[in-house]
Amino acid sequence: MAVNEENSCAFYASDYHLEMIMLPYINRNLEKNKNIYIFTQNNLEKTINTLINKVNIEKELKNKILNINWDTNDESKYNKLIDDKSETVIFIKGNEEYINKVNKNLKQIKDYKNMEVIDCYNIEEIGSRTNSIINSYKAVLTVKGMNK
């Protein structure tokens, strides 16, 4: 489960569902000039492009969101994070093994003090363990924001 009890978590039913949960939070953090990283087991470029073209948001914000690296190239994201001195929000989407691996790697390359990490779980994969997972995190991200 949670590699770092300072992490938050989110739950989703599909890639589109997760992206809808993420969008308002990404927007608020982009407004605060935070960098956003998406670590994912499957490429989300196609789904985020489809979603962004269907939602009513400003063109500048659309471009900022689409400029986030939504693909599976974790190595390039780790390399960029090593030199990134700004505050960052990191979403980790995948199975539990992947989430744990990415968290372990993040701890090795960067101090958590400037990072907010949100581990994202597929509801179908975790089944009835939702409550035990929630209890191991400091907060849960929903469409309304972060619930502690």
Side-chain angles (χ1 to χ4, degrees), residues 1-74 76-96 98-107 109-123 125-126 130-131 133-148:
M1 256 179 272
V3 172
N4 184 331
E5 293 168 353
E6 293 301 311
N7 289 9
S8 299
C9 66
F11 300 94
Y12 64 93
S14 71
D15 291 345
Y16 289 111
H17 179 232
L18 178 61
E19 291 162 359
M20 286 300 293
I21 293 169
M22 294 165 70
L23 279 179
Y25 200 70
I26 288 172
N27 181 33
R28 282 192 296 278
N29 283 285
L30 287 173
E31 288 174 355
K32 296 175 185 175
N33 294 316
K34 293 183 181 181
N35 289 332
I36 309 294
Y37 292 85
I38 313 290
F39 286 85
T40 177
Q41 278 184 296
N42 65 305
N43 192 324
L44 298 174
E45 289 177 326
K46 183 177 178 184
T47 54
I48 195 65
N49 273 299
T50 301
L51 182 64
I52 287 297
N53 288 319
K54 292 183 181 205
V55 294
N56 186 20
I57 57 176
E58 296 174 16
K59 185 174 177 92
E60 182 181 336
L61 178 57
K62 281 184 180 184
N63 290 334
K64 285 181 179 180
I65 292 169
L66 291 174
N67 283 332
I68 296 170
N69 186 344
W70 293 87
D71 71 12
T72 58
N73 187 349
D74 290 353
S76 70
K77 296 171 193 177
Y78 289 129
N79 290 335
K80 188 174 177 188
L81 260 170
I82 289 170
D83 297 323
D84 192 342
K85 303 296 183 217
S86 61
E87 289 187 64
T88 59
V89 176
I90 300 169
F91 292 90
I92 306 171
K93 178 204 174 280
N95 63 30
E96 287 182 78
Y98 177 79
I99 290 170
N100 288 331
K101 179 186 91 175
V102 172
N103 273 291
K104 182 179 176 184
N105 291 339
L106 290 175
K107 281 184 177 181
I109 65 166
K110 187 155 176 141
D111 186 347
Y112 263 76
K113 70 180 177 198
N114 286 327
M115 291 191 311
E116 176 183 2
V117 179
I118 304 165
D119 298 333
C120 304
Y121 294 91
N122 184 316
I123 290 289
E125 183 182 311
I126 61 167
T130 306
N131 284 337
I133 291 172
I134 289 171
N135 290 332
S136 66
Y137 285 88
K138 71 173 186 174
V140 178
L141 178 64
T142 67
V143 175
K144 294 181 180 182
M146 204 58 78
N147 299 320
K148 304 206 185 245

- prompt: Could you give all pairs that pass the salt bridge (Lys or Arg N to Asp or Glu O under 4.0 Å) test and reach residues 16-33, with sequence neighbours left out?
  reply: none
message: With salt bridge (Lys or Arg N to Asp or Glu O under 4.0 Å) as the rule and sequence neighbours excluded, what pairs involving residues 33-43 come up?
response: Lys34-Glu87
Could you state the interatomic distance from [atom1] ([X]) to [atom2] ([Y]), rounded to the nearest 0.5 Å?
| X | Y | atom1 | atom2 | result |
| --- | --- | --- | --- | --- |
| Asp84 | Asn35 | CG | CG | 4.5 Å |
| Asn95 | Gln41 | CG | CD | 4.0 Å |
| Leu66 | Asn49 | CG | CG | 5.0 Å |
| Ile123 | His17 | CD1 | NE2 | 8.0 Å |
| Ser86 | Met115 | OG | CE | 11.5 Å |
| Ile90 | Ser8 | CD1 | OG | 12.0 Å |

query: Where do Phe91 and Ile26 come nearest, in terms of heavy atoms and distance?
result: CE1-CG1, 3.7 Å
message: Can you give me the closest heavy-atom contact between Gly94 and Ile99, atom names plus distance?
response: O-CD1, 3.4 Å
query: Of Leu18, Thr142, Ile21, Ile134, which is the lone residue that meets side-chain contact (heavy atoms from CB on, under 4.5 Å) with Phe11?
result: Ile134
query: With respect to Ile36, which candidate in Leu30, Thr88, Asn67 satisfies the side-chain contact (heavy atoms from CB on, under 4.5 Å) definition?
result: Leu30
Contact between [X] and [Y] at the side-chain level, heavy atoms closer than 4.5 Å - yes or no?
| X | Y | result |
| --- | --- | --- |
| Tyr121 | Thr130 | no |
| Glu116 | Tyr25 | yes |
| Ile92 | Leu106 | yes |

The criterion is side chain to side chain donor-acceptor pair (under 3.5 Å); which residues satisfy it with [X], sequence neighbours excluded?
| X | result |
| --- | --- |
| Tyr12 | none |
| Tyr98 | Asp74 |
| Asn122 | none |
| Ser14 | none |

- prompt: What residue pairs, at least two apart or across chains, pass ring-ring contact (aromatic ring centres under 6.0 Å, His included) with a residue in residues 50-71?
  reply: none
query: Does Tyr78 have any ring-ring contact (aromatic ring centres under 6.0 Å, His included) partners at least two apart in sequence or in another chain, and if so, which?
result: Phe39
Residues in salt bridge (charged side-chain N to carboxylate O under 4.0 Å, His left out) contact with Lys64, at least two apart in sequence or another chain: Glu60
Qualifying residues under side-chain contact (heavy atoms from CB on, under 4.5 Å), relative to [X], sequence neighbours excluded:
| X | result |
| --- | --- |
| Asp71 | Asn43, Glu45, Asn69, Asn73, Lys77 |
| Ile57 | Ile52, Val55, Leu61, Lys62, Ile65 |
| Asn42 | Asp15, Thr40, Leu44, Lys93 |

task: Determine, step by step, whether Ile48 and Leu23 satisfy the side-chain contact (heavy atoms from CB on, under 4.5 Å) criterion, reporting the C-alpha distance in whole Å, the side-chain angles of both residues, the deciding distance to 0.1 Å, and the verdict.
output: CA-CA 10 Å; Ile48 195 65; Leu23 279 179; 4.3 Å; yes
field: Stepwise side-chain contact (heavy atoms from CB on, under 4.5 Å) test for Asn103 and Lys107
entry: CA-CA 6 Å; Asn103 273 291; Lys107 281 184 177 181; 5.8 Å; no
